[in-house]
2 protein chains.
Amino acid sequence: MDSMGIMARKQTAADQALRLDNQICFAVYSTAHAFNRVYKPLLDRLGLTYPQYLVMLALWERDDVPVKDLGERLFLDSGTLTPLLKRLEAAELIKRTRSTEDERVVLIALTPQGHALREKAKAVPQSILAASDCTVGELLAMKDEIVALRDRLNAVLGE
Amino acid sequence: MDSMGIMARKQTAADQALRLDNQICFAVYSTAHAFNRVYKPLLDRLGLTYPQYLVMLALWERDDVPVKDLGERLFLDSGTLTPLLKRLEAAELIKRTRSTEDERVVLIALTPQGHALREKAKAVPQSILAASDCTVGELLAMKDEIVALRDRLNAVLGE
DNA sequence: CTCAATTGAATTGTGTGCAATATAAATTAT
DNA sequence: ATAATTTATATTGCACACAATTCAATTGAG
């Protein structure tokens with residue numbers, strides 16, 4: 001109790017930094033969850049989870065790619081992607097085939113159903129935009145800032 | 001192939017919105033993971049995972065609270081918190097006791113070790129700040145924007 | 001006062017996320 | 001050409017995250 005009294009008198013910068021409200025990181029973390037919850041009912045209709053949706057977005061842009069490529073684009077590793085991709089294959093949205101050129105490589109290709117799902121997915125971003133209650137311009141500006149932050153963090157991780 | 005040719009000619013707004021790079025949501029999602037990876041080595045020294053660290057931050061601010069309270073502050077439910085809190089109890093950082101007033105309520109209190117860990121944790125925010133390579137002002141501004149977005153998303157979820 | 005409805009935690013089941021390890025294929029170095 | 005190293009994916013184990021369910025305790029309407 002004595003030390004608490006002393007602490008209360010000198011609130012250091014370190015103390016302030018430990019406040020939950022001050023942490024950008026918690027802001028990002030909790031916003032990611034909020035997005036996930038908004039996406040859930042929309043993606044349920046497509047039979048996808050949010051990470052699966054991200055994989056499909058990546059594949060709709062470029063198809064017939066190694067797992068490695070997908071991992072680099074989504075910042076995910078094989079421990080995450082392998083089971084996820086097996087579920088997408090079980091749902092017959094993708095096909096996994098080992099490359100003949102390099103037997104280590106597994107190529108991910110969309111099935112006709114996988115391609116077709118893109119049309120149903122087109123409605124999703126609009127609903128998200130509505131839920132965010134922002135203009136496209138505001139969201140894009142914020143996105144650019146966040147991506148810049150992410151890239152700096154990833155740069156530190158790569159030594 | 002024919003339909004692809006037609007698609008290429010008329011790139012609609014819906015097509016653009018499905019691009020991975022354009023999704024603020026992916027920006028938030030991937031930044032949360034990047035933060036997690038930066039935090040990992042720092043929190044390993046405290047013996048905490050990132051969600052456990054968030055719980056400790058919350059408890060360092062206010063102690064002796066029901067699980068429900070923690071859940072509301074962190075946007076997490078009992079399915080996530082119950083096992084996490086059991087691990088913190090096993091690590092002797094917190095104590096879980098059923099309230100005598102309302103037997104349904106489980107109160108979470110810090111142990112002396114739990115309180116003590118706060119001192120070691122003070123170094124963490126500084127390291128994160130350094131990794132983010134931003135000024136405090138920039139981070140706070142970005143944090144406020146992201147929190148505003150999160151709150152709007154959560155508002156939609158609450159009907 | 002009583003019994004149905006509500007509430008707070010815990011449990012169960014599914015799906016990430018990642019570290020650590022394993023394995024097989026390809027590359028390089030000798 | 002063969003051993004050592006590197007590379008791409010898979011596996012295992014642990015820790016979230018959340019929907020759905022369960023269960024006990026409390027509240028509230030009649």
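Here is the naming used below: chain letters follow the sequence lines, and residue numbers restart at 1 for every chain.
Contacts classified as side chain to side chain donor-acceptor pair (under 3.5 Å) and involving residues 46-57 of chain B (residues at least two apart or in different chains) are not found.
Nucleic acid contact for P83(A): none, since no nucleic acid atom lies under 4.0 Å from a heavy atom of the residue. Among the heavy atoms of the strands lying under 4.0 Å from T49(A) are primed sugar atoms or P, OP1, OP2 only; no base atom is included.
Side-chain N/O atoms of Y50(B) include none lying less than 4.0 angstrom from OP1 or OP2 on dG17(C). The phosphate of dT16(C) (OP1 or OP2) has a side-chain N or O of Q52(A) nearer than 4.0 angstrom. For the pair T82(B) and dA10(C), the criterion of a side-chain N or O lying under 4.0 Å from OP1 or OP2 is met. Contact annotation: K86(B) reaches the phosphate of dT11(C) (side-chain N/O to OP1 or OP2, under 4.0 Å). When the side-chain nitrogen and oxygen atoms of R87(B) are compared with OP1 and OP2 of dC14(D), none of them lie within a distance under 4.0 Å. Taking side-chain N and O atoms only, R96(A) has no distance below 4.0 Å to OP1 or OP2 of dA8(D).
Remark: the S78(A) side chain and the dA8(D) base include no donor-acceptor N/O pair separated by less than 3.5 Å. Contact annotation: side chain of R104(B) to base of dT7(C), donor-acceptor pair present below 3.5 Å.
If E101(A) and P51(A) are placed on DNA chain C by their nearest nucleotide, the residue sitting closer to the 5' end is P51(A).
In this entry the distance linking CG of L48(B) with C1' of dC16(D) reads 14 Å, nearest Å. L107(A) has its CG atom 8 Å from the P atom of dT9(D), to the nearest Å.
Checked against dT16(C), dA26(C), dT26(D), the side chain of E103(B) finds its nearest nucleotide in dT26(D).
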Report the C-alpha distance between D69(A) and R73(A) in whole Å, list the side-chain angles of each, state the deciding distance to 0.1 Å, and finish with yes or no for salt bridge (charged side-chain N to carboxylate O under 4.0 Å, His left out). CA-CA 6 Å; D69(A) 263 43; R73(A) 282 199 270 166; 5.4 Å; no

Please evaluate residues K95(A) and D63(A) with respect to the criterion salt bridge (charged side-chain N to carboxylate O under 4.0 Å, His left out), reporting the C-alpha separation (whole Å), side-chain torsions for both, the decisive distance (0.1 Å), and the verdict. CA-CA 11 Å; K95(A) 216 174 44 169; D63(A) 202 11; over 6 Å; no

